[in-house]
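To keep things clear, I will list the structure first and then write my remarks on it.
In the text below, chain A, chain B and the rest are named by the order of the sequence lines, each starting its count at 1. All values derive from a computational prediction rather than experimental measurement.
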Number of protein chains: 2
Amino acid sequence: MITKKTTTRNTDEALHGICPCMEECPLSKAIEIIGGKWKLQILCVLKSDGPIRYSELKKKVHGITNTMLTSSLKELETDGLVNRKQYNVMPLRVEYSATEMVDDLIPILIQLGKWAKKVSQSGKVDVAGDTL
Amino acid sequence: MITKKTTTRNTDEALHGICPCMEECPLSKAIEIIGGKWKLQILCVLKSDGPIRYSELKKKVHGITNTMLTSSLKELETDGLVNRKQYNVMPLRVEYSATEMVDDLIPILIQLGKWAKKVSQSGKVDVAGDTL
DNA sequence: CAGGATCCTCAATGATACTG
DNA sequence: CAGTATCATTGAGGATCCTG
């Protein structure tokens with residue numbers, strides 16, 4: 001999502017590193033990694049339900065197809081967010097789990113969630129009450 | 001991106017509030033708000049280049065079309081991230097600026113960017129050196 | 001100047017069937 | 001069981017022209 005074809009020369013140095021207008025923006029990189037329709041859901045299940053088999057994972061991520069589950073897992077593994085462990089027994093057994101990278105990501109996502117909550121409510125009243 | 005058609009019953013209460021599998025997940029809400037191809041770039045420019053006119057904004061967000069700039073601005077305004085101020089003079093003058101909501105968002109995005117940077121490097125060596 | 005209206009394209013995703 | 005292979009779909013985004 002967010003391609004980086006542009007060659008912007010941002011005058012505000014303070015925003016260097018977070019502006020997607022820049023080349024190699026880590027932020028757009030982040031969105032590439034966790035973007036897509038299923039990535040976060042998959043990470044969520046992997047995180048809460050420990051090492052889990054492909055078929056069980058598919059049951060927990062409701063509505064996902066083989067195509068998407070497979071490709072998502074492959075990308076997540078490539079990016080170092082998911083471990084794949086294969087047991088060569090019959091029938092085949094493969095277990096997926098989240099890496100420590102995901103642990104680091106969770107608190108950030110929680111912050112993002114809290115922000116979104118605040119945004120949704122700001123249209124109504126300006127409550128200062130924190131949920132966490 | 002991340003639609004919420006599913007009616008998952010997540011057994012792990014600890015992840016309530018961050019799991020996109022859940023209904024009304026604030027996280028997927030957040031991604032709806034800042035997702036899309038241009039939202040972050042637009043916010044970035046609005047943040048660094050203060051109140052800015054439509055045409056100037058379009059010049060700074062390289063490659064964006066009228067369709068996308070207009071629709072993105074409209075959505076951002078609806079979500080309370082952007083202020084639109086119209087001066088009824090001829091020729092028409094409209095100025096856009098970022099709201100305080102965006103200020104709260106920036107540090108979170110910076111964290112996300114730092115995380116992505118770490119992820120990208122973890123494939124090579126396991127340096128403990130922080131960049132910030 | 002600041003958009004609206006239309007039509008079009010393509011990449012992400014879905015559906016279905018098959019295999020090591 | 002854990003995927004692959006193919007084909008179909010679709011909606012975000014793009015191109016172009018038009019207007020208050």
As an exercise, state the distance from CG of A/Leu69 to CD of A/Gln41, rounded to the nearest 0.5 Å. 11.0 Å
How far does CD1 of B/Ile34 sit from CG of B/Leu109, to the nearest 0.5 angstrom? 5.5 Å
To the nearest angstrom, how far is A/Lys37 atom NZ from C/dA11 atom P? 19 Å
Would you classify A/Ser55 as touching base, sugar-phosphate or nothing, given that sugar-phosphate means primed atoms plus P, OP1 and OP2, and contacts are heavy atoms under 4.0 Å? sugar-phosphate
Within the structure shown, what part of the strands sits under 4.0 Å from B/Thr65 by heavy-atom distance: base, sugar-phosphate, or nothing? sugar-phosphate
Return the nearest nucleotide to the side chain of B/Arg84; candidates are C/dA2, C/dT13, D/dA2. C/dA2
Separation of A/Lys58 NZ from A/Leu73 CG (nearest 0.5 Å): 12.0 Å
Whole angstrom value for the distance that separates C1' of C/dG3 from CD of B/Glu77: 13 Å
I'd like to check the side chain to side chain donor-acceptor pair (under 3.5 Å) partners of A/Arg53; sequence neighbours left out, ordered by chain and number. none
Report the distance from atom NZ of A/Lys39 to atom P of C/dA12, rounded to the nearest whole Å. 10 Å
Expressed in angstrom and rounded to an integer, what is the separation of A/Glu56 atom CD from D/dC1 atom C1'? 11 Å
Atom CE of B/Met90 to atom P of C/dA2: distance rounded to whole Å? 11 Å
Out of C/dT13, D/dC1, D/dA5, which has the shortest distance to the side chain of A/Thr67? D/dA5
Consider the side chain of B/Thr70, meaning its heavy atoms from C-beta on, and name the nucleotide among C/dA2, C/dG4, D/dA2 that approaches it most closely. C/dG4
With a 4.0 Å cut-off, would you call A/Glu77 and A/Lys74 a salt bridge? no
Looking at D/dC1, I'd like to know if its phosphate oxygens (OP1 or OP2) sit under 4.0 Å from a side-chain N or O belonging to A/Lys58. no
On DNA chain C, does the nearest nucleotide to A/Asn66 precede the nearest nucleotide to B/Glu95 from the 5' side, or the other way round? Give the residue. B/Glu95
Interatomic distance where CD belongs to B/Glu75 and P belongs to C/dG3 [whole Å]: 15 Å
If the cut-off is 4.0 Å, is A/Arg93 near the phosphate of D/dG3, judged by side-chain N/O to OP1 or OP2? no
Of the listed nucleotides (D/dA2, C/dA2, C/dG14), which one gets closest to any side-chain atom of A/Trp38? C/dG14
Contact class for B/Tyr96 vs. all strands (heavy atom < 4.0 Å): base, sugar-phosphate, or nothing? sugar-phosphate
Give a yes/no on whether any side-chain N or O of B/Lys74 is located under 4.0 angstrom from OP1 or OP2 of C/dG3. no
Between CD of B/Glu32 and P of D/dG11 the distance, given in whole Å, is 15 Å
Let's see if you can work this out: which of D/dG3, C/dC1, C/dG14 has an atom nearest to the side-chain heavy atoms of B/Leu92? C/dC1
Closer than 4.0 Å, any side-chain N/O of A/Arg53 to the OP1 or OP2 of D/dG3? no
Say whether, by atom type as modelled, one donor and one acceptor occur between the side chain of A/Trp115 and the main chain of B/Met101 under 3.5 angstrom. yes
To the nearest Å, how far apart are A/Ile64 CD1 and C/dT13 P? 10 Å
